[in-house]
Structure formats: structure tokens, C-alpha cells
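Just so you know, residue 1 is the first one in the sequence shown, and it goes up from there.
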Amino acid sequence: MSIRCRHSFLGGKNMNILVLGGSYFYGRVFTMLAAKEHELTLFNRGTYPMEEFGVKQITGDRHDGQAWERLKAQNDQYDAVVDFCGYEPGDIKEAFSHLPESVKQYIFISTVDVYMRRALENHDHDAYESYKDVVLKDETTPYETREIAGEAGSYIKGKVLLEQELKECCKERGIAYTILRPAILYGPYNYAPRESVWVQIMVQNHVLPVITDAPGRFQFVYVKDAAEAVMKCLFNPETYGQAYNLCGDEIVDYRIFADALEKAAASVEKNEAQRQQGAQALQYIELTAEQAREQGIPLPFPVFEQETELCDNTKSKKELGMIYISLKEGMEKTYKAFRGVFL
């Protein structure tokens, strides 16, 4: 009998879930949603207390055996594991060595970056004149197995190896797995220096950088959408043994990104007591990518066309019923969340 059928009895509310991570950004938003329906135990370093959401929080590092013993001392039986903080090979094997037999599903948060990158096939940038016609990558696209230098390369390699590790461990234990591969996450609580830095510049300096020479394209996924995708996979037999790309419908570049932020600011500021008396109007400043870097403005998204790597979200919409928030609405929510932080 297949794993897909074996655990079809799972369903309903008030299941016990072990969350590895769960207090930073994506994991935090998931915790806020899932705690309304299920019993959650968070196992993380305890940087951000989460007990206010009605969850247990056990402080510890997943590489610390004594921390796992503290978790075991709770004598809790978990129905599922949601892993937000697996990055290095061995992370999942370590977790499996401490999990109770009660676990029936393991959901691993991976990334769309695990797919083979077209941009590595030829390092001659002039060879990418037709790159705009690149086919969207779906969940059947092969893994990236080549060595990529730097921190990004280590991150990609780690996620690829962990996906393979997950499949092996789940097969050995007869546990169902589900893999979620989000694109660029954005939204409230984002600690990465991405959209929040741009909002800070807008709020404090009253300027909006517009990058004039950045044709690179990319895809976002709003953090709440990504969290809801986890909820849709929990105890859902149709998702067992499956992987899903999570990305919005819109393909974005730096100008589209800036326009979305400008519209978000206009909408939010209009509703904030008609703006404070004497508040400065937002000014556009056109900059090249090099000028932006010289001024300390982060460019965390693909700048050049040959860096463009795009994915297909059809499977997540068809099988999970995902309806992705528009960039306009998502950026408005994001701007409003960060605006108060930087005032």
C-alpha cells in the first residue's frame, strides 16, 4: 500500500505539530495561522518568544543532542513536522533520529533555487539575447547539481541535498513527505534586507529609487500565501510525496517593484490622517544599478536578464487551490506594516 493511501485517515483539527523554527518571518506567520487550529510545539533558538500565540516553545539548536532530550522530556506525540530551518546536509537525518513514531507527515520548506539554473550553462552574457523566451520551470525540472561559488551556492546545494535526504528518511520510516518551494518571500516580519530597506528609504528620506538598467525578472510570494500553502498540505493525503512551487502570478522587475511600492505608499499615506501636516512628497530618483550599490541601496533581486530564473505555479493552484495575492495588494500590506517601524 502506498504512503499516499496509508495515512488517508488523517484530517480534522487539533492535531499535534512539531515546528522546527517557527518564530522568524515565514515560520512566524505560519505559527500565527496554524495555532488557531492545531496544537503547536516550536523547537528553535528562542530568539523571539511565541508563547503569546498559545504554543509551546522549546529552546534549542537542532544540532544539540541535549536540546532534543529536552524536547523528548515533554512526552508529546506529534502527528506532523514542519521544518522551516533545514539548511545543511544532515539536518533532516538528525531530526529523524529524535522523532517519535507517531509522526505521519514531514513538510520541508525548500526553495525554487533547487532547480538547474540556465544561467550557468554559458557564461557568455551575449548568448542570452533570446533569454526572455525561457520556459517556466515546473516541479519536474532537474535539480541543480553543479558547484556554485559563494554563500548562495552553499544554500542551493544544501537544499538540494536535504530534499533527497528527506525522501530517503521518509521511505525508511514509512512517513509521508511534502516539499514546498517558495520563490522570493516578502511581507510583514521579513528580517532580510529586501523590501523593508526600500520602505525605510521611502519613509525616512522621502525618495523612491528607480533602477534604470535592471532588466532581470523575478517572482515574489507573499508570506501569508506561503503560510496558507503549508496549512493546505497538512494532513492532506493528496500532497503526500509531492513538491509545489509557491510564487505569485506576476513576473516582476525593479521598475515594476518600484511602481508597486509607489502605489502602496500613495494608498497607505492617503489613509493615514490625510498625512501629517508638512509631510514631504515622495520623489523618484533614477539610478543605475552601480550607483545604487555605491549609495548602499540593496539590490537583492536579479539585476541582469541572464540572472532570470522563473517558475510555474500551476501545480500549486490546481492541486492546492492556491490563489495568490496581487503584488499591488501585497506591497500595500507590506508597506503599511513597515511604515510604523521606520517613522
Do [X] and [Y] land in one hydrophobic cluster if side-chain heavy atoms of ILVMFWY residues count as linked below 4.5 Å?
X: Ile297; Y: Met202; value: yes
X: Leu343; Y: Val207; value: yes
X: Leu161; Y: Tyr106; value: no
X: Ile325; Y: Ile323; value: no

* Give a yes or no on whether the ring-centroid distance for Phe30 and Phe84 is below 6.0 angstrom. => yes
Examine distances only and state if a side-chain atom of [X] and a backbone atom of [Y] form a donor-acceptor pair shorter than 3.5 Å.
X: Asn245; Y: Asp312; answer: yes
X: Tyr254; Y: Phe301; answer: yes
X: Glu269; Y: Ala266; answer: no

What distance do [X] atom [atom1] and [Y] atom [atom2] have between them, rounded to the nearest 0.5 Å?
X: Glu172; Y: Lys167; atom1: CD; atom2: NZ; result: 15.0 Å
X: Gln219; Y: Leu310; atom1: CD; atom2: CG; result: 4.5 Å
X: Tyr26; Y: Asn190; atom1: OH; atom2: CG; result: 13.0 Å
X: Gln57; Y: Phe43; atom1: CD; atom2: CZ; result: 11.0 Å
X: His206; Y: Gln204; atom1: NE2; atom2: CD; result: 8.5 Å
X: Phe53; Y: Met50; atom1: CZ; atom2: CE; result: 5.0 Å

* Asked: Among side-chain atoms of His63 and Asp91, is any donor-acceptor pair under 3.5 angstrom?
  ->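 Yes.
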Could you list the residues that satisfy side-chain hydrogen bond (donor to acceptor under 3.5 Å, both in side chains) with [X], not counting sequence neighbours?
X: Glu94; answer: His98
X: Thr178; answer: Gln105, Thr239
X: Ser110; answer: Glu163

pair [X]-[Y]: side-chain heavy atoms closer than 4.5 Å:
X: Ile109; Y: Pro182; answer: yes
X: Ile17; Y: Val82; answer: yes
X: Pro188; Y: Thr334; answer: yes

Residues [X], [Y]: salt bridge by 4.0 Å N-O rule:
X: Asp113; Y: Lys159; value: no
X: Arg146; Y: Glu144; value: yes
X: Lys56; Y: Glu51; value: no
X: Lys137; Y: Glu309; value: yes
X: Asp76; Y: Lys72; value: no

* To do: With side-chain contact (heavy atoms from CB on, under 4.5 Å) as the test, would you mind laying out the steps for Leu99 and Leu18 before giving the verdict?
  => CA-CA 9 Å; Leu99 295 180; Leu18 174 62; 3.8 Å; yes
* To do: Test Leu162 against Phe108 for side-chain contact (heavy atoms from CB on, under 4.5 Å), laying out the working first.
  => CA-CA 9 Å; Leu162 283 171; Phe108 177 57; 3.8 Å; yes
* Check whether more than 12 heavy atoms from other residues, nucleotides or ligands sit under 6.0 Å from atom OH of Tyr191, and answer yes or no. =>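 Open.
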* Asked: How about Gln164: does its CD atom have over 12 heavy atoms from other parts shown lying under 6.0 Å from it?
  -> yes
* Asked: Parallel, tilted or perpendicular: which fits the ring planes of Tyr87 and Tyr155, with parallel below 30° and perpendicular above 60°?
  ->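 Geometry flag for Tyr155 against Tyr87: tilted rings.
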* Parallel, tilted or perpendicular: which fits the ring planes of Phe220 and Phe218, with parallel below 30° and perpendicular above 60°? -> perpendicular
* To do: Show your reasoning for whether side-chain contact (heavy atoms from CB on, under 4.5 Å) applies to Thr31 and Leu42.
  => CA-CA 9 Å; Thr31 296; Leu42 275 54; 3.9 Å; yes
* Asked: Yes or no on side-chain contact (heavy atoms from CB on, under 4.5 Å) for Lys224 and Lys333, after CA distance, side-chain angles and deciding distance?
  -> CA-CA 11 Å; Lys224 188 176 180 181; Lys333 292 177 181 293; over 6 Å; no
